[in-house]
Amino acid sequence: MAGTLLKTPPLTVRSPAPVADATAVIEITARTFGNYARFRAECADWYVNHSHYDWDASAVGFLGDALVTHWGVWGYRMRIGRAEVRCGGIGAVATEAAHRGKGLMARTAPHSLDRMRAGGYHLSILFGIDDFYHRFGYVAAWPESRWRVKLADLPATLPRPRGLRRIPAAPTPALVRLHNRWNARLTGTAVRPTYLRSWNGMRKDVEAWCWGADRERPEGHVVVQTEKARLVCAEATGAPDAVLSALGALCRRKALPGLRFDTLPYRSALAARLRTLNSRYEQRYAANGEAMVRVVDLPGCLTAMAPELSARLAASELADYRGTLTLASPEEAATLRLDGGRVEVVRGRSAAGAARSTIRGGWAVARLLLGSDAPLEVCDAGELRLGGDAARLVPVLFPAQHPQLTLADRF
């Protein structure tokens, strides 16, 4: 008599419960990533608990009573120029080892995308492995960037930083204010606070330094780590020459001949200063991995961006343009009305049907919204089809923004 064939129970997918499922979420995350004991403690202390982890937008899958998949969402506000959009940062994507390769994550992720859309998210960002997340609609968001400069190439006339002192490596209210001030209008950066107790992506040897006469209101700060023969700066705020002076002083204290800046926004005042010195700028592109972006709510995202789009249009040679522009992703479409330097999203079939210009194609529309690269190159690479006056409007409305997200805010 043939033996009985045991069937795998169906996967049940839902959002995790903050109390009932917290331990299981932390366990699968800690078992999958990094040192188990240390990461478990970090998840409990600040990464999952006591953070901007969104329990309702995240997703977990159960086989029977066992939690076997997890797709985490950390909700935050992301800048696109002067606009702020709601972004779902994806992290701790994990499947228990015994159940990998069975397509369970493909059944888990859609629940999260639905919950993000229902919860008012506009875009989603992740930093992922190669050849996986494209199946969920994610496309390359931006290249990772690095700046390098030798200590000997820093100007000899830099002012000495007043009151340079080491401070606890934690996101204090004073440092939150500094970050938001110096990252205003820098696309891709997070509006802090994000993590409340720690900085993500930092090793134990991280140091934070600040300067200024008022200890409660520092003038600037740097977050650094030592790597081989370089001082690596993970984030910096303050006047560019004060930053370079502080970093130069730290290099001399540590007998390090060079500096490296990771994830420094290209459009920041500090990066502009580096471009006046002997320095090296590097970009690393990934076709299908690392920083990736997806549209969650196209009409909602464009509505949030409307003030920024209006400012771009009003400052351009097309300030007097009147017409409509429809953008379409594989899931939805939205129409913009352009009238005398003002841009607004219009609803309804009649507006879409009357569109004079169109941008249609695949998921690469997310790259346009973010300003991932030169806009017409984004359209060509993403096979976006332009109709009507779109080829004239795209460079004005969606210029390259060189987006970056600081390591400390990643998920």
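The residues of the chain are indexed from 1 along the displayed sequence.
Annotation: side chain of Val149 is not in contact with side chain of Asn278 (no heavy-atom distance under 4.5 Å). Considering only heavy atoms from C-beta on, Met78 stays 4.5 Å or farther from Val191 through its side chain. Val13 has its side chain out of reach of Phe62: every pair of non-hydrogen atoms, C-beta onward, lies at least 4.5 Å apart. Using a 4.5 Å heavy-atom cutoff, the side chains of Leu259 and Cys251 are in contact. Contact check for Leu63 versus Leu104: side-chain heavy atoms found under the 4.5 Å cut-off. Using a 4.5 Å heavy-atom threshold, the side chains of Cys233 and Asp262 count as separate. Contact annotation: the side chain of Leu154 approaches that of Leu151 to within less than 4.5 Å [non-hydrogen atoms, C-beta and beyond]. Here the side chains of Pro143 and Arg284 are not in contact, with every heavy-atom distance at 4.5 Å or above.
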Using the side-chain contact (heavy atoms from CB on, under 4.5 Å) rule, take Gln404 and Thr189 through it: C-alpha gap first, then chi angles, then the decisive distance, then the call.
CA-CA 6 Å; Gln404 285 291 316; Thr189 61; 5.7 Å; no
Stepwise side-chain contact (heavy atoms from CB on, under 4.5 Å) check, His70 with Thr95:
CA-CA 7 Å; His70 174 255; Thr95 301; over 6 Å; no
May I have the step-by-step check of salt bridge (charged side-chain N to carboxylate O under 4.0 Å, His left out) for Lys254 and Glu207, ending in yes or no?
CA-CA 13 Å; Lys254 299 172 182 291; Glu207 298 177 7; 3.0 Å; yes
Val222/Leu247 under side-chain contact (heavy atoms from CB on, under 4.5 Å): CA gap, chis, key distance, verdict:
CA-CA 8 Å; Val222 293; Leu247 292 172; 3.9 Å; yes
With side-chain hydrogen bond (donor to acceptor under 3.5 Å, both in side chains) as the test, would you mind laying out the steps for Gln283 and Tyr266 before giving the verdict?
CA-CA 11 Å; Gln283 290 184 304; Tyr266 183 88; over 6 Å; no
Show your reasoning for whether side-chain contact (heavy atoms from CB on, under 4.5 Å) applies to Thr406 and His179.
CA-CA 10 Å; Thr406 305; His179 177 273; 4.2 Å; yes
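A distance-only check finds no donor-acceptor pair linking the side chain of Asp389 to the backbone of Arg392 [under 3.5 Å]. In terms of modelled atom types and a separation under 3.5 Å, the side chain of Arg260 and the main chain of Leu231 share no donor-acceptor contact. One N or O on the side chain of Ser15 and one on the backbone of Asp56 form a donor-acceptor pair closer than 3.5 Å. A distance-only check finds no donor-acceptor pair linking the side chain of Ser58 to the backbone of Gly72 [under 3.5 Å]. Side-chain atoms of Ser316 come within 3.5 Å of backbone atoms of Leu313 as a donor-acceptor pair (strictly under, hydrogens ignored). Side-chain N or O atoms of Asn35 include one that pairs as donor or acceptor with a backbone N or O of Arg38 at under 3.5 Å. In this structure a side-chain-to-backbone donor-acceptor pair under 3.5 Å is missing from Thr335 to Thr326. At least one donor-acceptor pair under 3.5 Å links the side chain of Thr187 to the backbone N or O of Gly81. Judged by distance alone, with hydrogens and angles left aside, the side-chain atoms of His122 form a donor-acceptor pair with the main-chain N or O of Arg86 at under 3.5 Å. A donor-acceptor contact shorter than 3.5 Å links the side chain of Ser279 to the backbone of Leu274.
Counting non-hydrogen atoms of neighbouring residues, nucleotides and ligands closer than 6.0 angstrom, the CG atom of Asp214 exceeds 12 such neighbours. Atom CZ of Arg342 is surrounded by 12 or fewer heavy atoms from other residues, nucleotides or ligands within 6.0 Å. Counted within 6.0 Å of CZ on Arg215, heavy atoms from surrounding residues, nucleotides or ligands total 12 or fewer; the atom is thus considered open. Within 6.0 Å of CZ in Arg280 there are 12 or fewer heavy atoms belonging to other residues, nucleotides or ligands. More than 12 heavy atoms of other residues, nucleotides or ligands sit less than 6.0 Å from atom CZ of Arg82. Crowding of Arg160 atom CZ: a count of heavy atoms from other residues, nucleotides or ligands under 6.0 Å not exceeding 12.
Glu96 and Lys102 are not joined by a salt bridge, as no carboxylate oxygen comes within less than 4.0 angstrom of a charged side-chain nitrogen. The pair Asp153-Lys150 does not count as a salt bridge, with every side-chain nitrogen at least 4.0 angstrom from each carboxylate oxygen. A salt bridge does not link Glu84 with Arg79: none of the charged nitrogens is closer than 4.0 Å to a carboxylate oxygen. Between Arg146 and Glu282 there is no salt bridge, since no side-chain N of the basic residue sits under 4.0 Å from a carboxylate O of the acidic one.
For Tyr138 and Trp363, the ring centers are positioned 6.0 Å apart or more.
Phe136 is linked by a ring pair (Phe, Tyr, Trp, His ring centres under 6.0 Å) to Trp71, Phe132, counting only residues two or more places apart in sequence or in another chain.
Residue pairs meeting the salt bridge (charged side-chain N to carboxylate O under 4.0 Å, His left out) criterion with at least one partner in residues 366-375, sequence neighbours excluded, are absent.
We find the CG-OG distance between Leu338 and Ser357 to be 8.5 Å, quoted to the nearest 0.5 Å. Separating the CZ atom in Arg217 from the CZ atom in Arg177 is a distance of 5.0 Å, to the nearest 0.5 Å. Note that the CG atom of Asp297 and the CG atom of Leu113 stand 12.5 Å from one another [nearest 0.5 Å]. In this structure, the separation between CG on Leu325 and CG on Leu386 is 9.0 Å, given to the nearest 0.5 Å. The CG atom of Asn183 sits 8.5 Å away from atom OG1 of Thr237, with the distance rounded to the nearest 0.5 Å. A distance of 9.5 Å separates CG of Leu336 from CD of Glu344, quoted to the nearest 0.5 Å.
The side-chain contact (heavy atoms from CB on, under 4.5 Å) test with Leu397 is passed by exactly one of Leu369, Ile359, Leu368, Val343: Val343. Between Tyr47 and the options Tyr53, Phe33, Phe39, Phe411, a ring pair (Phe, Tyr, Trp, His ring centres under 6.0 Å) holds for only Phe39.
Under 3.5 Å, the side chains of Asn288 and His134 contain a donor-acceptor pair of N or O atoms. Counted by atom type alone, Arg273 and Thr276 present one or more donor-acceptor pairs between their side chains at under 3.5 Å. For the residue pair Asp339 / Tyr321, no side-chain donor-acceptor distance below 3.5 Å is found, with atom types taken as modelled.
Both the sub-6.0 Å distance and the 45° axial angle are not jointly satisfied by Arg192 relative to the ring of Tyr76. A cation-pi arrangement is present between Arg410 and Phe127, with the terminal nitrogen or guanidinium carbon under 6.0 Å from the aromatic centre and inside a 45° cone about the axis.
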